[in-house]
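Right, one structure below, let's go through it.
These numbers come from the heavy atoms of this one structure, side chains and all, not from hydrogens, waters or symmetry mates. Throughout, a chain's letter reflects where its sequence line sits, starting with A, and its residues are numbered from 1.
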Protein chains: 2
Amino acid sequence: MNSRPSASPATLQDVAREAGVSLATASRSLNGSVRKVHDDYRQRVLEAAARLNYSPNLSAQAVAKGASSTVALLVSDIADPYFSSIAAGVIRAAEAKGLIVTMAATARSSVRELELVRALRGQRPQVIILTGSRLEGPPAHDALVAELQAFINTGGRVVLISQRELPFSTVVVDNYLGARALANSLVEQGYRRFAAIGGARALMTSTDRLSGFADGLAEHGIAIHPNHVARAEFTRDGGYTAGQHLLATGITGVQLVFAVNDVMAIGAMSAFRDGGLAVPESIAVAGFDDISTARDVTPALTTVRVPLEELGSRAVELAFSESDSPANDVVTVGTTVVLRESSPAI
Amino acid sequence: MNSRPSASPATLQDVAREAGVSLATASRSLNGSVRKVHDDYRQRVLEAAARLNYSPNLSAQAVAKGASSTVALLVSDIADPYFSSIAAGVIRAAEAKGLIVTMAATARSSVRELELVRALRGQRPQVIILTGSRLEGPPAHDALVAELQAFINTGGRVVLISQRELPFSTVVVDNYLGARALANSLVEQGYRRFAAIGGARALMTSTDRLSGFADGLAEHGIAIHPNHVARAEFTRDGGYTAGQHLLATGITGVQLVFAVNDVMAIGAMSAFRDGGLAVPESIAVAGFDDISTARDVTPALTTVRVPLEELGSRAVELAFSESDSPANDVVTVGTTVVLRESSPAI
DNA sequence: CTGTTAGCGCATTCAA
DNA sequence: TTGAATGCGCTAACAG
């Protein structure tokens with residue numbers, strides 16, 4: 001075992017020499033199309049490669065063939081269950097295609113996002129997938145679009161998840177319909193008086209869910225009083241704050257609070273409890289997304305299931321389904337209402 | 001705007017030509033050490049690059065300098081909050097060093113893990129970080145060690161998170177001490193009779209936590225009856241099953257059940273409730289990890305906080321702190337007992 | 001300080 | 001089928 005501590009990795013050249021064949025033959029045996037090299041040679045090459053513990057240099061392959069085999073994924077925050085589930089889907093679908101996933105987190109900053117897209121572009125990935133809403137002003141927005149467009153113009157693919165505001169292929173969740181269905185289900189459960197917790201007005205996801213919910217209620221002649229709509233950050237703590245706010249401004253008579261996503265709903269539940277309101281006895285709660293935690297909180301959270309992993313895998317598939325059509329396809333994935341203990345029939 | 005749909009990306013050569021300078025000057029202006037090229041030239045190059053929307057080809061850079069700028073991260077399942085938090089830490093620390101993170105999921109299969117390490121090695125990453133316990137038999141184990149060793153021998157770095165069984169640098173959680181501290185705190189709360197839920201015997205994480213807890217109790221002359229220790233899978237459903245098992249075999253008199261991780265504790269809580277035992281009135285529960293859900297369940301879960309993100313960032317730092325010392329350093333991160341409503345003072 | 005040139009590891013064309 | 005030679009985009013000596 002003569003293993004020098006810090007030698008350099010075996011190269012194709014080394015393998016070829018070890019096997020007593022040419023570089024080209026070694027290359028063909030290890031990667032090129034199958035039916036090209038004599039079995040004897042192929043065997044010798046394979047053995048030599050194993051002996052040398054050869055691992056093809058992906059970067060070199062990428063330069064040589066002018067195309068890498070990676071998928072770049074940009075999320076707001078990988079620790080957020082919403083994004084980590086999507087990431088799981090992306091990874092699964094990418095692996096199935098032999099692609100490696102590189103990930104970066106924008107921390108919800110559009111400036112950072114732009115930097116990252118720029119950096120990721122250097123990888124020459126097959127696809128860049130963007131997910132996580134931004135609240136950017138027009139300048140950052142335009143720069144991002146320009147950057148992505150440049151990527152596309154040079155042969156790249158771009159897919160967005162859940163943000164149809166940008167002119168690229170997108171996988172969207174049917175937020176409007178899901179929220180409307182939820183509203184209907186809740187009315188069916190006997191609820192009549194509602195409050196709501198939303199995110200920033202600029203967030204399409206939030207506004208779609210809010211308007212879907214409102215429209216669903218409207219079908220039954222129910223409306224939400226403007227004072228009963230709180231807005232806060234799209235996070236657990238935002239939900240907590242909004243819950244406190246509702247408590248402070250008064251939601252007497254309100255039977256159920258709908259939060260536009262689960263993490264906010266869970267934050268609100270905590271706020272209500274901390275404020276002395278029992279859930280669901282004194283106030284029922286419903287969310288949106290069906291993150292895994294929704295099952296585990298007590299009471300289990302009524303919500304609208306979004307097939308998160310599927311969102312990720314669909315994004316990858318969408319990227320490769322585009323037969324050079326610059327058409328910005330849109331794939332819509334449906335949702336399912338999931339009634340749980342946080343909104344018992346009354 | 002003459003943007004041909006599918007041209008190829010601008011190259012350094014293009015930039016140099018556009019700026020009217022040599023390839024080398026362009027390279028130096030864009031990347032090389034700062035104080036080397038005249039400001040006039042530098043400006044022209046920068047402008048040309050912007051005009052052409054140039055993005056350096058990272059793969060080419062990697063081959064040219066013989067070193068890529070990526071960190072490879074292997075997790076069991078990115079959708080699991082435990083791993084996604086670690087991943088967040090890795091990403092943060094890597095970005096701080098200008099490194100891009102590539103991720104892959106092993107789905108807890110040691111075979112898959114080996115394949116992935118092999119594939120990832122092709123990226124010539126600066127570091128390969130492994131996290132997520134395996135239960136593999138010796139063959140897979142040896143193959144993995146060999147593969148990682150080969151990577152190290154050719155200049156790579158390997159860091160493991162929370163699995164000191166392997167001969168590489170590792171970031172470990174002080175499971176033993178954390179569990180011992182928890183035991184002490186619970187005794188202080190007035191608890192005297194305990195049961196426990198662990199994972200498979202081969203899982204160091206589980207056995208360390210169990211023995212730490214037992215030793216902590218022993219300091220007060222308390223022991224857990226062997227019949228009051230259940231074992232199951234390291235998942236929520238495993239915890240549920242173990243909870244049912246304890247219920248079935250009888251845990252009369254037991255005041256608190258300690259589960260070696262939060263997800264199992266949460267599963268057990270459900271099992272107890274479904275079995276008619278109120279938590280914490282009839283039976284108290286404690287877990288380990290302090291995943292974010294722990295705060296949100298009702299009653300909120302007493303647990304031992306593990307700084308998950310820190311685990312990830314430490315791993316990256318550990319990789320680069322090794323000054324070529326083949327020493328397999330071990331960094332231990334401490335934990336904190338977090339008492340919540342699932343174990344009120346009695 | 002700038003430009004020329006030679007590789008980096010690999011795929012692939014072209015002859016043989 | 002195989003091997004020799006060229007080039008991918010870039011960095012790093014090397015001269016000027």
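- The side chain to side chain contact (heavy atoms under 4.5 Å, CB included) search around B:S68 returns B:A62, B:T70, not counting sequence neighbours.
- Direction change of the helix axis from one end of the helix from C:dC1-D:dG16 to C:dA16-D:dT1 to the other is 40°, with five pairs defining each end axis (rounded to 10°).
- For the side chain to side chain contact (heavy atoms under 4.5 Å, CB included) test, residues two or more places apart in sequence or in another chain that qualify with B:V145 are B:H141, B:L166, B:P167, B:F168.
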Note to self: Please encode protein proximity along nucleotides 5-16 of chain D as a string of B, S and -, counting only heavy-atom distances under 4.0 Å.
What the structure shows: ---BBBBBB---
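- Of the side-chain N and O atoms in A:T25, none sit less than 4.0 angstrom from OP1 or OP2 of D:dT2.
- B:Q149 pairs by the side chain to side chain donor-acceptor pair (under 3.5 Å) definition with B:N153, not counting sequence neighbours.
- The side chain to side chain contact (heavy atoms under 4.5 Å, CB included) search around A:E309 returns A:A88, A:R92, not counting sequence neighbours.
- Residues passing the side chain to side chain contact (heavy atoms under 4.5 Å, CB included) test with B:A150 are A:N53, B:R121, sequence neighbours excluded.
- Applying the salt bridge (charged side-chain N to carboxylate O under 4.0 Å, His left out) test to A:R17 and every residue at least two apart in sequence or in another chain returns A:D14.
- Only one option out of A:L148, A:V75, A:I161 pairs with A:L130 in a side chain to side chain contact (heavy atoms under 4.5 Å, CB included); it is A:L148.
- The salt bridge (Lys or Arg N to Asp or Glu O under 4.0 Å) contacts involving residues 44-56 of chain B comprise B:E18-B:R51, where partners must be two or more places apart or lie in separate chains.
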